[in-house]
**Q** 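Please find one structure pasted underneath; my questions will follow.
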Amino acid sequence: MPPIAFFHADSGAVRFWVDVADIPVGASISQATLHHRFRPEAQGENPMDTFAAHRAELEAVVRRRVSQGAIEPVMLREHDLKAETL
């Protein structure tokens with residue numbers, strides 16, 4: 001079982017793990033990227049709430065990036081989350 005996702009305040013990112021072929025792969029997404037992609041109209045949202053609401057989508061993006069050759073830790077960027085790529 002992968003470690004529990006958490007918000008790392010020093011880097012301003014949610015750090016999480018995704019099972020890829022039964023191997024936990026570390027990944028992260030910045031609070032700013034979460035905000036701009038999923039809740040641009042919100043103010044003061046909790047990045048963990050936004051992450052939890054979109055976890056399945058984010059895990060799918062990590063799996064896609066790994067299948068394309070990304071190595072751990074996989075850092076998700078706005079480009080990875082464009083609507084047409086999800």
Side-chain angles (χ1 to χ4, degrees):
M1 179 149 193
I4 296 172
F6 67 96
F7 180 70
H8 185 258
D10 289 343
S11 64
V14 174
R15 295 187 180 180
F16 61 105
W17 290 260
V18 177
D19 278 331
V20 178
D22 293 325
I23 298 170
V25 174
S28 66
I29 185 167
S30 73
Q31 180 177 6
T33 298
L34 280 170
H35 172 79
H36 290 295
R37 170 60 179 95
F38 296 110
R39 306 222 31 223
E41 73 291 341
Q43 297 209 8
E45 79 275 12
N46 181 329
M48 290 305 297
D49 291 342
T50 305
F51 170 79
H54 300 281
R55 184 175 192 132
E57 294 171 71
L58 297 169
E59 287 182 353
V61 174
V62 171
R63 288 186 184 97
R64 185 184 75 233
R65 293 271 323 277
V66 169
S67 75
Q68 294 171 341
I71 59 172
E72 185 176 24
V74 177
M75 300 180 75
L76 300 183
R77 302 158 302 198
E78 285 187 51
H79 177 273
D80 299 319
L81 304 173
K82 289 186 178 178
E84 62 271 10
T85 66
L86 290 178

**Q** Do I29 and F16 have side chains that approach each other closer than 4.5 Å (heavy atoms only, starting at C-beta)?
**A** yes
**Q** Is any side-chain heavy atom of L81 closer than 4.5 Å to a side-chain heavy atom of L58?
**A** yes
**Q** Just wondering, more than 12 heavy atoms not from M48 lying within 6.0 Å of its CE?
**A** yes
**Q** Taking only residues two or more places apart in sequence or in another chain, which ones pass salt bridge (charged side-chain N to carboxylate O under 4.0 Å, His left out) with R39?
**A** none
**Q** Can you run down the side-chain hydrogen bond (donor to acceptor under 3.5 Å, both in side chains) pairs that involve residues 22-32, sequence neighbours left out, and say none if there aren't any?
**A** S30-T33
**Q** Please check if the side chain of R37 supplies one atom and the backbone of D80 the other of a donor-acceptor pair under 3.5 Å.
**A** no
**Q** Apply the side-chain contact (heavy atoms from CB on, under 4.5 Å) test between V66 and each candidate in V74, I23, V18, I71; give the one that qualifies.
**A** V74
**Q** Looking at G26 and E72, what are the two nearest heavy atoms and their distance?
**A** N-OE2, 2.5 Å
**Q** I'd like to check E57 versus F38 (side-chain heavy atoms, cut-off strictly below 4.5 Å). Are they in contact?
**A** yes
**Q** Quick one: pull up NE2 in H54 and CD in E59 and give me the separation to the nearest 0.5 Å.
**A** 13.5 Å
**Q** Members other than F6 in its cluster, when Ile, Leu, Val, Met, Phe, Trp, Tyr link by side-chain heavy atoms under 4.5 Å?
**A** W17
**Q** Side chains of V61 and R65: closer than 4.5 Å at any heavy-atom pair?
**A** yes
**Q** Taking CD in E41 as the centre, count heavy atoms belonging to other residues, nucleotides or ligands within less than 6.0 Å. Is the count above 12?
**A** yes
**Q** Determine the minimum heavy-atom distance between L34 and P47, stating which atoms define it.
**A** CD1-O, 3.7 Å
